[in-house]
Every structure is written in C-alpha cells, then in structure tokens.
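To start, the structure under review is shown below, and the notes come after it.
Chain naming here is simple, since letters A, B, ... match the order of the sequence lines and numbering starts at 1 in each. Note that the coordinates shown come from a computational prediction; the quantities given were computed from them, not determined experimentally.
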Number of protein chains: 2
Amino acid sequence: MERELLLLGLLRQMDMHGYRLAEFIERDLTICTDLKKSTAYFLLDKMVKQGWITQHQEQEGNRPLRRVYRITPEGEVQFQQSLRENLSRHTSATFVGDIGLSFVDALAPDEAIALLRQRRAALAEDLAAARVVPKHEGAWQLLIEHRVVHLEAELHWLDEVLARLAGGN
Amino acid sequence: MERELLLLGLLRQMDMHGYRLAEFIERDLTICTDLKKSTAYFLLDKMVKQGWITQHQEQEGNRPLRRVYRITPEGEVQFQQSLRENLSRHTSATFVGDIGLSFVDALAPDEAIALLRQRRAALAEDLAAARVVPKHEGAWQLLIEHRVVHLEAELHWLDEVLARLAGGN
DNA sequence: TTATGATTAGTCAATCCTGACTAATGGAGG
DNA sequence: CCTCCATTAGTCAGGATTGACTAATCATAA
C-alpha cells in the first residue's frame with residue numbers, strides 16, 4: 001500500500017497529471033521509493049477503478065492531452081488509514097549491497113578491498129550530494145536529514161569493514 | 001541481478017534443493033533481500049534455462065521428490081561477474097517508512113507522536129533481537145553487525161524526530 | 001488405530017512492474 | 001523557415017513477483 005499512500009498524499013496536496021507526479025517521485029523521492037513512471041500510471045488507473053481518485057482530461061495550449069487526477073472522499077479515507085498504518089509500523093530496509101558482501105570470501109582480500117573502495121567512493125559522493133540539498137519546509141526536511149544520517153552510518157560501517165579486511169579478517 | 005547472485009552464491013557453497021534454499025533466505029537473509037519462495041523457484045528455473053545451474057531429482061526415503069540444484073562453470077563465471085559488480089557499486093536503501101513521515105503534518109501532532117512511538121517500540125524490539133543473534137563465522141558476521149548499526153542509527157534518528165514533533169515542529 | 005496438526009515441497013493464476021517505445025510540441029541555430 | 005533535438009505525455013508487451021493453494025509425510029496423542 002505504500003506506493004498508493006505516496007500518490008494519494010501528493011494528490012491530496014494538489015491535483016496533478018500523471019507525468020508531473022511520476023517525474024517528481026523519480027527525481028525527488030528516491031529516499032523512500034523507486035517507483036517508475038509506468039508503475040505510477042498503472043497504480044493511478046487502479047485507484048481510479050477503486051474510486052479513490054477521479055481522472056479528467058485537460059489541455060494547455062497545443063500541448064498533448066493530460067490526465068489530471070484528483071483525490072475523492074473515499075481516497076481520503078484510504079489515505080488516513082494507510083498513513084496511520086505506515087507511521088505506526090517499523091519496516092526495516094533491505095541492503096542489496098550485503099548480498100555481495102556475504103560472499104566476499106570468494107575473492108582475494110586485495111581485490112575485495114579494491115572493489116569496496118570503489119563502493120566507498122560512490123557512497124561518499126552520495127553523502128556529499130545529500131548534505132548539499134537546500135533546507136526544505138516541514139516534513140520534507142526530515143527525509144533529507146534521514147538520508148544524511150543513514151549515509152553517514154553506512155560510511156562509518158563500510159570503513160570498519162575495510163579496516164577489518166585489511167587487517168586479515 | 002542481485003537475487004540471482006544470492007542464489008548462485010549459496011549454490012556455490014553446496015548443492016541445495018529449492019525449498020531449503022528459499023527457507024534459508026526467508027528466515028536468515030532478511031537483511032539483504034525479501035525474496036519469497038515462489039520467486040526463488042521462478043529464478044532457479046530461469047537460471048537452469050540460462051545454463052547457470054543444473055537440476056536433478058532426488059528422493060530421501062518416502063519424502064516427496066526434490067529438485068536439487070548445482071552451479072555450472074558458466075554459473076560460476078556469472079557469479080564472479082555479479083559479485084564484483086555488487087561489491088564495487090553503492091546502492092542506497094529506500095525507506096518506505098519515510099512515505100508516511102512525509103505526510104505527518106496531515107495528523108494532529110499528538111496522534112502523530114503516539115503512532116511514531118508505536119513505531120519506535122517495534123524498532124527497539126527489532127534492535128534487541130538483532131543484538132542477541134549469536135556470533136557467526138566469516139562474512140555473515142558483517143551482515144549481523146550491519147543490521148545492528150543500521151537499527152541503532154534509525155532509533156537515534158526516530159528519537160530526534162519525536163523530540164522535534166513534541167517541541168512543536 | 002486414527003484423527004489432528006505441523007512440516008516438507010512445490011505449483012499457479014493473478015497481479016505488479018518496467019524498459020523500450022510512440023508521437024507530438026517548442027525552441028535554437030543555420 | 002527548415003532541420004534537429006530536447007522535452008512532454010503516455011502506452012504496452014513481456015517479464016517478475018507473490019499469496020494462496022495442493023498434496024504428501026511424519027509426529028503424537030487420545
């Protein structure tokens with residue numbers, strides 16, 4: 001339900017057409033989801049069928065037709081429910097990078113260290129980028145700080161891993 | 001490719017039948033993946049078709065037939081490649097819990113705090129469980145420590161969020 | 001002996017997700 | 001004024017994922 005919660009929450013703030021919605025999610029909401037454009041359209045269609053949102057055509061100048069979505073009262077009920085559910089539960093993140101790490105013994109220590117140093121560089125770059133994001137208003141600021149906190153913890157941990165590999169297991 | 005890497009890496013350590021593989025992943029590898037049993041079978045079939053693994057029937061006593069999988073030389077090549085790829089790249093985790101948090105303003109502060117305290121309790125419980133896991137040999141120990149480090153960071157951050165909400169934004 | 005329930009092993013239809021595509025417009029440069 | 005290319009908006013076939021199911025065996029306990 002999380003993806004639907006996200007779409008409902010955004011539509012709750014203002015009516016939006018699919019493309020704008022998807023673009024915003026893909027560009028600015030990578031912290032909490034990896035929803036793609038075509039998935040967004042799929043979910044929006046589904047929510048129309050469920051009566052959580054309505055859809056109407058709109059045209060601006062000669063630009064292509066847009067499908068603009070608006071949340072319904074039933075959608076608002078669903079939003080309230082999903083929001084409470086989401087806030088009260090803890091869902092632990094999964095770390096795909098740990099899959100490789102769990103087989104690190106398959107490689108010579110030197111090569112493993114070299115590869116993990118590349119990972120470290122990429123991580124450090126992400127962290128630098130996250131630190132530079134300008135202050136936002138309200139709850140969005142929390143997400144930005146969350147990202148920084150998380151990336152810092154990752155960096156420290158990865159350094160610890162590297163130190164341990166360098167020191168022979 | 002990460003799910004395939006995981007399956008190849010496990011089969012590389014020993015031949016295994018689908019059920020055992022899936023059970024192990026679902027019980028012990030929640031840190032790095034959320035692969036389900038039926039998905040495991042799907043991927044194993046696909047890898048058989050690709051020639052990365054072979055499959056043969058086996059029967060123990062009167063127990064139902066098992067499909068036992070074994071990695072091939074081509075599978076080993078694929079494993080080596082995916083492993084290097086995985087170790088060298090950084091893939092940031094996504095936090096579904098942040099979706100709700102981004103709409104926390106939709107609720108009265110008191111209710112938001114109450115809900116997030118439930119989340120905190122669940123998180124603290126997960127952390128306590130992670131701390132209690134006995135020491136493992138080799139790289140698996142790294143994953144356990146990663147989980148603890150991550151959950152600790154989450155707990156601190158959530159306390160900070162709660163403090164800020166309690167103090168009026 | 002014979003319910004009862006837990007464990008083992010795998011299947012499948014329904015749903016979800018996405019990469020690659022179409023197709024139109026606006027603007028910059030020649 | 002014409003070509004080229006980035007941007008906007010959305011579509012779709014095909015692959016990925018899973019919840020709910022079957023069906024056999026084993027344990028155990030009445």
Can you tell me how far [atom2] of [N] sits from [atom1] of [X], to the nearest Å?
| X | N | atom1 | atom2 | answer |
| --- | --- | --- | --- | --- |
| A:E26 | D:dT7 | CD | C1' | 15 Å |
| B:L44 | C:dG10 | CG | P | 10 Å |
| B:D34 | C:dC16 | CG | P | 16 Å |
| A:L7 | C:dC17 | CG | C1' | 14 Å |
| A:L35 | C:dG19 | CG | C1' | 15 Å |
| A:L43 | C:dT18 | CG | P | 9 Å |
| A:Y41 | C:dT15 | OH | P | 23 Å |
| B:D45 | C:dG10 | CG | C1' | 10 Å |

Would you say A:R3 reaches C:dT15's phosphate, i.e. side-chain N/O to OP1/OP2 under 4.0 Å? no
From the options [options], select the nucleotide whose nearest atom is closest to the side chain of [X].
| X | options | answer |
| --- | --- | --- |
| B:E23 | C:dC17, C:dT8, D:dT17 | C:dT8 |
| B:R66 | C:dA9, D:dA9, C:dC17 | C:dA9 |
| A:Y19 | C:dT8, C:dC17, D:dA9 | D:dA9 |

What orientation do A:F95 and B:H146 show, parallel under 30°, tilted 30 to 60°, or perpendicular over 60°? tilted
Using the side-chain contact (heavy atoms from CB on, under 4.5 Å) rule, pick out the option among B:D34, B:T30, B:L29 that qualifies with B:C32. B:L29
On a plain distance test, is the side chain of B:K36 in donor-acceptor contact with the base of D:dG19 below 3.5 Å? no
Check if the side chain of B:K46 and the base of D:dG15 share a donor-acceptor pair of N or O atoms closer than 3.5 Å. no
Pick the nucleotide of DNA chain C nearest each of A:E4 and A:S38; which residue has the one closer to the 5' end? A:E4
Can a salt bridge be assigned to the pair B:R131 and B:E152 using a cut-off of 4.0 Å between side-chain N and carboxylate O? yes
Results of side chain to side chain donor-acceptor pair (under 3.5 Å) for B:Q118 - residues two or more places apart only: none
Could you check whether any side-chain N or O of B:Y41 sits under 3.5 Å from a backbone N or O of B:Y19, counting only pairs where one atom can act as donor and the other as acceptor? yes
Need to verify one output field. Residue with the more 5' nearest nucleotide on DNA chain D, B:F42 or B:K37? B:F42
